[in-house]
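Heads up: the structure comes next, in structure tokens.
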Amino acid sequence: MMKVLYTFLFSSILLNTLHSQTGYDLWLGYDQLENGAAITSYQSSIQSYFIAEASDTRNIITTELDNALPKLLNQDIQQVYDQKNADVVILPASKLSPDLKKAIETASLKQEGFVIQKVNKQIVITSPSSSGLLYGTFQFIRLLQTSSSIDDLKITSNPAIDVRILNHWDNLDRSSERGYAGFSIWDWHRLPGYLPARYRDYARANASIGINGTVLTNVNSNALILTKPYIEKTKALADLFRPYGIKVYLTARFSAPIEIGGLKTADPLNEEVQKWWNDKAAEVYKIIPDFGGFLVKANSEGQPGPQNYGRSHVDGANMLAKAVKPHGGIVMWRAFVYSEDEPDDRAKQAYTEFKPLDGQFEDNVLVQVKNGPIDFQPREPIHPLFGAMPKTPLMMEFQITQEYLGQATQLVYLAPMYKEVLDTDTYTEGKGSTVSKVVDGSLHDYKMTGIAGVANIGNDLNWTGHPMAQSNWFAFGRLSWDPQLSSENIAQEWVKSSYGNDAQVVSTITKMLMSSWEASINYMTPLGLHHLMGTGHHYGPAPWVDNLSRADWTPYYYHKSDANGIGFDRTKTGSNAVAQYSGELNRKYGNLKSCPEKYILWFHHVPWDYEMKSGRTLWNELGFKYQSGINSVKNMQKDWHSLKSKIDPDLFAEVEQLLNIQLDEAKWWKNASMLYFQTYSKKDWPAMLEPAPKDLDHYKKLTFPYAPGIKPRW
Ligand code: GCW
């Protein structure tokens, strides 16, 4: 008897351990619906499904429904082969019966769009394409995951943006530039033979949020990826991803014709070079007929490019565009460039170089622009190129990986940042010319549109390093599909899909997420400060660094503190970068009084005693902001603790530990930054600010030789 009891106890403990929430299932675990009322209503209306779809995607949809529905509804679900007897019917638009055609409006659907509609007693999911059916299925499942009503369903959904793509900054040796979740998930060495289930699960997760493309390799690229063996490896992934509606793309190293082609030059106007790229594209497309195209970083941070031969970005981009055009491919040419010679203001470089090129690119080129003019800082004003190139489709580049936002130790939910950027009015075509209208093509009638997110995915069990960073992958996908969604709704969807519908869990985690971005800005770079991070690894504060080979790589360059004040004068009296914005924004940002305080030190050099809107001096306001950031982290800790009994113990402990580190790091930022700025302001330590336990020297001496996410490390 005792033995049986022990065995029982032991195995239930083991079972518990085995079932602990590792995070591997992301938002697709389907084991979390706790809303009794919703389940009961679903149970009676969803007992069977019918699917008429001939493609490989059919199996994926079937597997997904067979996995999701029994778990979510706690009852068996049947696939039936008679459409009339099914509760859920999944049909390509071309196969709708005359009755359904009458009831469902499909004319407004784009290829990937879908309708979910209740017709009589059936729920019909339809789309012109198989990927649209998959997206519709995932959206339907999401309705159940979030306990939404399915009584009068009538949803028509189209993606706002065509190319919704992840950029992996992953190297062929599995290191990942700015990756904080272990090593690259792409095991190039064992491809193409070895295709672990994780690759399938990656595709599934992306499809569930509408991502339809992936660039597998780092923009700091390696020409080897374009050799035959690596194209074969890429094909294995392309074949696996295809039924999920995901195309693969690669980065093209501009000097590849020299490095792997044996040519003496990579000059884009040289005929041999052009032929080399044409042949290379033909070779790739022979192996991967639906290959997406190339992403290129050229003449930026030492990467080769057309300017090495006295040619322009247009010459370079168009050469590649012509090579892939006959095969239906595209080129994404990055605007993240800055002069080899030290410029007067790095923030101006991309606009200065690209604006004059408007209208000269081939029609299968997208120019990929980072959200802000410097480099994925905690907060940046929008990039002035948005709205300024009406004849060139500009695609957005967001960073999902948290290079400058706490890496994988800090909880920072990025949707509010993405939204702030997308919702900003450029005023370039009058009021209402928002960035999202630039990116979705509606402002300038772009024929092609795109949005990229630098992935935060690695081979960590939970994919993203910080368990909560999954929300950023999720949010990027959801916003790429529909930039009008609110960051709060996305947060709720993610929490419900990942952690269940318990009201306290949902509201508490949502609150934590929603406060986190502003908190991180406050304890790192408040009031428009930027680029104060440690050199190279970008981990932690180092505002004192002022002696690198280029001034515009040093933090000092960006804050320019002196006895008088702090901040980068980008007005007429300084670099005049503000003039790159359209009239309205130029006026608003350029004037100290009207400049939103969140950008004030981005655009202005402001005296320490300047009176802020709060009535505090700038110096005290800085103190106030740093302290608010710290206080927000303390609140997040309290919030998390309030969920202790409701969260899987392992997961609870992980996040608890990470929040402790986050608080330490927030204090470190505050101490290092304020002690350093104090050497210029000569002011008393602000009264509301917790004292610094160590002196400035201590913080200056900290080194992190093995901080993650830089270059290949072996
Ligand atoms: O500033 C940066 C990052 C680099 C990155 C670069 C870019 C891929 O620190 O690691 O290189 O941006 O976006 O090209």
Side-chain angles (χ1 to χ4, degrees), residues 165-181 184 186 215-222 225 249-254 294-305 307 313 316 332-340 342-343 345-347 349-350 353-354 366-380 383 385 394-408 451-458 524-525 530-540 542 545 548-555 557-558 704 707-713:
I165 195 166
L166 291 181
N167 289 182
H168 288 267
W169 284 357
D170 290 6
N171 301 310
L172 300 184
D173 64 1
R174 295 200 79 169
S175 62
S176 178
E177 181 153 346
R178 313 311 180 182
Y180 309 98
S184 167
W186 314 128
V215 184
L216 302 171
T217 46
N218 191 353
V219 287
N220 290 333
S221 59
N222 183 335
I225 191 67
Y249 300 71
L250 294 172
T251 45
R253 184 159 166 90
F254 204 77
F294 293 124
L295 168 65
V296 187
K297 170 175 176 177
N299 295 118
S300 166
E301 299 185 321
Q303 291 297 301
Q307 292 174 346
H313 286 292
M332 294 165 285
W333 192 268
R334 293 176 90 226
F336 178 73
V337 296
Y338 48 102
S339 160
E340 301 283 321
E342 212 169 290
D345 181 356
R346 182 174 148 192
Q349 289 286 308
E353 283 195 41
F354 276 83
L366 284 152
V367 171
Q368 181 168 312
V369 183
K370 286 188 182 180
N371 57 276
I374 294 289
D375 187 16
F376 298 138
Q377 292 308 294
R379 171 179 265 141
E380 297 196 26
H383 201 298
L385 273 175
L394 301 182
M395 67 186 281
M396 171 64 74
E397 178 173 333
F398 282 130
Q399 201 176 40
I400 310 173
T401 193
Q402 292 166 242
E403 175 180 356
Y404 296 97
L405 277 144
Q407 306 192 344
I451 182 166
V454 180
N456 62 349
I457 299 160
M524 290 197 275
T525 50
H530 51 289
H531 223 302
L532 306 185
M533 290 73 188
T535 303
H537 48 62
H538 296 160
Y539 174 64
V545 174
L548 304 177
S549 57
R550 289 176 66 128
D552 61 341
W553 283 345
T554 65
Y557 172 89
Y558 294 98
F704 304 94
I710 322 178
K711 305 280 175 206
R713 266 166 286 150

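All figures in this text were calculated on a predicted structure; none of them were measured in a lab. As the structure lists them, so they are numbered: ligands from 1, and atoms in each ligand from 1.
- For ligand 1 and R178, the ligand atoms under 4.0 Å from any heavy atom of the residue are 3 (C), 4 (C), 9 (O), 10 (O).
- With ligand atoms numbered from 1 in the order given, ligand 1 contributes 6 (C), 7 (C), 12 (O), 13 (O) to contacts under 4.0 Å with heavy atoms of K370.
- Which of N218, V337, D375 comes nearest to atom 1 (O) of ligand 1 through a heavy atom is settled by distance: it is D375.
- Near H538, with a cut-off below 4.0 Å to any heavy atom, the atoms of ligand 1 are 9 (O).
- For atom 8 (C) of ligand 1, the candidate residues are N167, I374, N220, T401; the nearest heavy-atom contact is made by N220.
- Ligand 1 places these atoms under 4.0 Å from at least one heavy atom of K297: 6 (C), 7 (C), 8 (C), 11 (O), 14 (O).
- Proximity of E403 to ligand 1 is established by a heavy-atom distance of less than 4.0 Å.
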Stepwise side-chain hydrogen bond (donor to acceptor under 3.5 Å, both in side chains) test for E403 and Q377: CA-CA 9 Å; E403 175 180 356; Q377 292 308 294; over 6 Å; no

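- At a 4.0 Å heavy-atom cut-off, ligand 1 does not touch W553 at all.
- Note: Y558 and H530 have perpendicular aromatic rings, judged against thresholds of 30 and 60 degrees for the angle between ring planes.
- Atoms CG and CD1, on N167 and I400 in that order, are 8.5 Å from each other to the nearest 0.5 Å.
- Each of the following atoms of ligand 1 lies closer than 4.0 Å to a heavy atom of E177: 4 (C), 5 (C), 8 (C), 10 (O), 11 (O).
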